[in-house]
2 protein chains.
Amino acid sequence: MGIETEMKIKEAAKKVFRSKGFAATRTRDIAEEAQINLALLNYYFKSKQQLFNIIMMEDLEDIFQVIISNANDKSLSLREKLFSLAEKYADVIAEKPELPNFILSEVHGNHEFLLDHFGIKESLSKSDMMAQFFGLGFSQEEIANIVVNLLGYIIFPYISRPMYTVIFNMDEDAFSRFINNRRKQIPEWIDSLLQKK
Amino acid sequence: MGIETEMKIKEAAKKVFRSKGFAATRTRDIAEEAQINLALLNYYFKSKQQLFNIIMMEDLEDIFQVIISNANDKSLSLREKLFSLAEKYADVIAEKPELPNFILSEVHGNHEFLLDHFGIKESLSKSDMMAQFFGLGFSQEEIANIVVNLLGYIIFPYISRPMYTVIFNMDEDAFSRFINNRRKQIPEWIDSLLQKK
DNA sequence: ATACAATTTAAACAAATGATTAAGTCATAT
DNA sequence: ATATGACTTAATCATTTGTTTAAATTGTAT
């Protein structure tokens, strides 16, 4: 059945693209991973580039959706929003650990992917979270610092994993424990960032 | 003169590899950037891969050298060491802003590059800094968290730059100002991390 | 000046790779 | 049962790309 094949290809492409990146991925890699004939890739998706674009868009959507929906949850205080954002983000990434490296590597120099396909800028600048930030007297720059640090707490360990797993001699399990223990610390660090006001 | 040509190629390769990564870089790109005949690349450096390895090793050396030399400067307290590390690191990266993305992307899945070519693990575990950490009662895991956060404060903004320059609408100048202002904040954040003890 | 080695060039090669083609196969509606 | 269209396959194409080759040029020691 066609739709199943299409999904098989997309799932395989996700796996291969995320692990090797666009340039290093050969369409034959994807075909083999999906156990389909090479020509099917071009039958269902016009080209390697188109297939890649679809996957990148979906991954970006996953990432941005967490931020936007959280930033507009009016039932939460600013502090609660940030805590919740950290937890949801950590969940998403724990589930797909290759996502940060993949997105950040591929987007580097390809800003087109970000150009308001999601209206992220508007959604966010008009969000409840921003209003709360400004209401508490934070400047645009202070907000940027807090957001960058918050996301860094969660994402950076994954990105830099090879470096410090060598430095600190961590195996797979040790890394998991490290990440899980870190999650408990993040709220403290967020509070430190908010403390000034 | 041979040595000049060799340097021209290496500099061009650095530029192109850092901006596009190994897989997306064509040897012809490098030749054009260096304004040399394509065959010279293979004459001076056996292959694309060898040229890449040399550059990667040099870049890693630059990165690790800062950490190791700082960690063994016995004239500094732990707090001073971390402050100094942050400053030196920020300097290195401000000078070569593509370095973080390049190294982290390429090392991802290629752990071989890190495998004790530098003895980084030993140098660091026996360093004065580690002794100071342990002397103050920090656990291995607490140390890892501090180091990861410290490096993240400096590196993560560069890596995630495309994401939040879109979100926060930053141009080139705004980004520079942001980075420079951040540098002044980092000592405070480091103190927060150390505060527990 | 001459010979010899180092350097540089233009051209070509071989393999890899994204994409297409044309001939099948299968499911489904009539 | 058959025709139609969706799906699948094997084979092939055209281009890109890393590398090599052989000839030409340049520099240098004698």
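Quick note on labels: first sequence line is chain A, next is B, and so on, each numbered from 1. Note: hydrogens, waters and symmetry copies are ignored here, and every other heavy atom, side chains too, is used.
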By nearest atom, which of the nucleotides [options] is closest to the [X] side chain?
| X | options | answer |
| --- | --- | --- |
| A/T5 | D/dT8, C/dT8, C/dT21 | D/dT8 |
| B/N42 | C/dT21, C/dT7, D/dT19 | D/dT19 |
| A/T27 | C/dA19, D/dT19, D/dT21 | C/dA19 |
| B/K48 | D/dA10, D/dT19, D/dC7 | D/dT19 |
| B/R26 | D/dT8, C/dT9, D/dT16 | D/dT16 |

Interatomic distance, [X] [atom1] vs [N] [atom2] [rounded to whole Å]:
| X | N | atom1 | atom2 | answer |
| --- | --- | --- | --- | --- |
| B/L41 | D/dT17 | CG | C1' | 12 Å |
| B/I36 | D/dT19 | CD1 | C1' | 13 Å |
| B/K20 | D/dT16 | NZ | P | 14 Å |
| B/E4 | C/dT8 | CD | C1' | 14 Å |
| A/L40 | D/dA6 | CG | P | 15 Å |
| A/K46 | C/dA19 | NZ | P | 9 Å |
| B/I3 | C/dT8 | CD1 | P | 11 Å |
| A/N37 | C/dT20 | CG | P | 14 Å |

- Can a side chain N or O of A/Y43 be found less than 4.0 Å away from OP1 or OP2 on D/dT8?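 It does not, given that no N or O in the side chain of A/Y43 lies less than 4.0 Å from OP1 or OP2 of D/dT8.
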Can the ring centroids of [X] and [Y] be said to lie less than 6.0 angstrom from one another?
| X | Y | answer |
| --- | --- | --- |
| A/F178 | A/Y164 | yes |
| A/Y153 | A/Y89 | no |
| B/Y158 | B/F175 | yes |

Sequence neighbours excluded and cut-off under 3.5 Å, please list the side-chain donor-acceptor pairs for residues 49-57 of chain B, or say none.
unit_1: B/Q49; atom_1: NE2; unit_2: B/N53; atom_2: OD1; d: 3.0

- Message: Quick check: any donor-acceptor pair below 3.5 Å linking the side-chain of B/R28 to the base of D/dG18?
- Response: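 When only heavy-atom distances are counted, B/R28 does reach the base of D/dG18 through a donor-acceptor pair under 3.5 Å.
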- How about B/E32: does its CD atom have over 12 heavy atoms from other parts shown lying under 6.0 Å from it?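 Count not over threshold, so no.
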- Query: Contact class for B/L38 vs. all strands (heavy atom < 4.0 Å): base, sugar-phosphate, or nothing?
  - Reply: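 It contacts base atoms.
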